[in-house]
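If you're wondering where the values come from, they're calculated on a predicted model, not measured in any experiment.
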Amino acid sequence: MGWPRSLKLKDWPPSTEFEKRLPRHYLEVIKALPFKEYTHPRQGVTNLATMLPDKSLKPDMGPKTYIAYGVPVELGRGDSVTKLHCDMSDAVNILTHTRDVTLTHTELKAIKNLKGKHSRHDQREIFGNGASQGKPDAGLINCPAVGKNVSDAPNDNSDRGSDGSGILDEKILDVTDDNMEVLESDAGGALWDIFRREDVPKLEAYLKKHFREFRHVHCNPLKQVVHPIHDQTFYLTKDHIKRLKDEYGIEPWTFIQKLGEAVFIPAGCPHQVRNLKPCIKVALDFVSPENIPECIRLTEEFRMLPENHRAKEDKLEVKKMILYAGKTVIESLQAFVGIPVSSEDGNKSEVDDKPKDQGEEVKKKSVGIKKGKKGNSKTRSSKNKR
């Protein structure tokens, strides 16, 4: 009993296998998609990803599932999160299943004690502050790099719940900012933070400045940063979000996603997610005409990353989509006004037969006329010789 277990299954199954392995679920997901003209993976008229021909090599646009545990308390370490990142295309994320988690008074107290130990460990390992070795909570409040510890909360019954459910305890125990008091963990499943594109430079500057305060694999401190967002190694806690606003004047859109709700993430908007309870989410990528310039910019940005970078694997081929989308539009306009359209194999359609035959007849007549002229010229020359 103590620290909650956190398990996560990400990007399952591969998009080519989703419909085969889960045919009924696939149909339900497609039926539940909002704004199908944008999001439908095959019939979305404004989804440029549908313009690629069947024989073309297509990018992996989903749908895919994200299955993970979660608890309402922000742990600081080992949270069930999707770390800060930026998608190359637009995306829609649907929360399809949640399960309530009951945290008892004993569990909340154990989490509180472990969070205090983690904070003191950060003081020693990351910041070299040895003051915490004397008193349990010494040096935590005034340290600029660590947020206020749970044990410093002024409310003495912060870990005591009337019914033992732990939901009310979380609101008193872990939510300190006024704008976070509206979090209804009993009704929602995931906490989202989405940043504006315009705020990306300031967000990157903050992460480069404070990257040593974050932990990644096996809770080890970060030693280097290639790209603050594309590395997918940061998750901003409430304390970091507050300090980001204080230092750079920016903050994300923060909201709770409830069961059955769909979240749209525009291309180029950095975002992060934390599960408040065990969840199953289904995500699907699409390419809207409005965000084509941003997709092209991100494609060039991803191309500049080192060869072994994890984000280098993402390939959208947005320029190929634009080419085929333009071709589709031209062919549709030609068909609308009655102009013959060439098929994919290069052969003309039946409508083209008459113009083709007429062209051949005109060509034959012109050849015949040339032959006649040559004959007349020879006759004239022979007459002159005589």
Evaluate the side-chain proximity of [Y] to [X]: yes if any heavy-atom separation is below 4.5 Å, no if none is.
X      : Y      : result
Gln257 : Asn93  : yes
Leu22  : Glu17  : no
Leu33  : Val92  : yes
Leu316 : Met61  : yes
Lys258 : Leu95  : no
Tyr324 : Leu48  : no
His227 : Glu204 : yes
His240 : Phe214 : yes

Between [atom1] of [X] and [atom2] of [Y], what distance do you get to the nearest 0.5 Å?
X      : Y      : atom1 : atom2 : answer
Thr65  : Ile280 : OG1   : CD1   : 7.5 Å
Leu203 : Ile229 : CG    : CD1   : 4.5 Å
Leu236 : Lys83  : CG    : NZ    : 11.0 Å
Glu251 : Ile241 : CD    : CD1   : 9.0 Å
Lys209 : Leu207 : NZ    : CG    : 12.0 Å
Thr328 : Leu323 : OG1   : CG    : 9.5 Å

Intermediate values then yes/no, side-chain contact (heavy atoms from CB on, under 4.5 Å), Leu27 and Glu19:
CA-CA 8 Å; Leu27 293 176; Glu19 187 175 5; 5.7 Å; no
Using every non-hydrogen atom in the two residues, find where [X] and [Y] come nearest and quote the distance to one decimal.
X      : Y      : value
Leu298 : Cys86  : CD2-SG, 4.1 Å
Ala68  : Asn275 : CB-ND2, 3.4 Å
Pro72  : Arg274 : O-NH1, 3.5 Å
Ser80  : Gly70  : CB-CA, 4.0 Å
Ala32  : Ile94  : O-CD1, 4.3 Å

Please determine whether the number of non-hydrogen atoms from other residues, nucleotides or ligands lying under 6.0 Å from atom [atom1] of [X] exceeds 12.
X      : atom1 : answer
Phe35  : CZ    : no
Lys8   : NZ    : yes
Tyr26  : OH    : yes
Gln224 : CD    : no

For [Y], does its backbone N or O pair with a side-chain atom of [X] as donor and acceptor, under 3.5 Å?
X     : Y      : value
Thr50 : Gln43  : no
Ser89 : Val287 : no
Thr98 : Leu259 : no
Asp87 : Ala267 : no

Distance-only polar pair, side chains of His230 and His85, donor-acceptor under 3.5 Å
no
Between Tyr38 and Glu290, do the side chains contain an N or O donor and an N or O acceptor separated by less than 3.5 Å?
yes
Salt-bridge present (Lys202, Asp199; N to O < 4.0 Å):
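Result for this pair is no, no salt bridge flagged.
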Looking at Lys31 and Glu28, does any basic side-chain N land under 4.0 Å from a carboxylate oxygen?
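Not counted as a salt bridge, because no side-chain N and carboxylate O are separated by less than 4.0 Å.
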So which of Lys208, Arg212, Glu213 actually passes side-chain hydrogen bond (donor to acceptor under 3.5 Å, both in side chains) with His210?
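Of the listed residues Lys208, Arg212, Glu213, the side-chain hydrogen bond (donor to acceptor under 3.5 Å, both in side chains) partner of His210 is Glu213.
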Verdict with supporting geometry, Tyr206 and Ile250, side-chain contact (heavy atoms from CB on, under 4.5 Å):
CA-CA 10 Å; Tyr206 177 86; Ile250 63 172; over 6 Å; no
Output, in order, the C-alpha distance, side-chain angles, deciding distance and verdict of side-chain contact (heavy atoms from CB on, under 4.5 Å) for Asn291 and Arg197.
CA-CA 12 Å; Asn291 287 330; Arg197 296 172 187 159; 2.7 Å; yes
I'd like to know if Ile256 and Tyr66 are part of one continuous hydrophobic network [Ile/Leu/Val/Met/Phe/Trp/Tyr, side-chain heavy atoms within less than 4.5 Å].
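As far as the 4.5 Å side-chain criterion goes, Ile256 and Tyr66 are not connected within one cluster.
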Going through the distances and angles, do Gln272 and Val81 end up as a side-chain contact (heavy atoms from CB on, under 4.5 Å)?
CA-CA 7 Å; Gln272 61 181 23; Val81 300; over 6 Å; no
Parallel, tilted or perpendicular, judged at 30° and 60°: which one describes the rings of Phe286 and Phe264?
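Answer is perpendicular, since the angle exceeds 60°.
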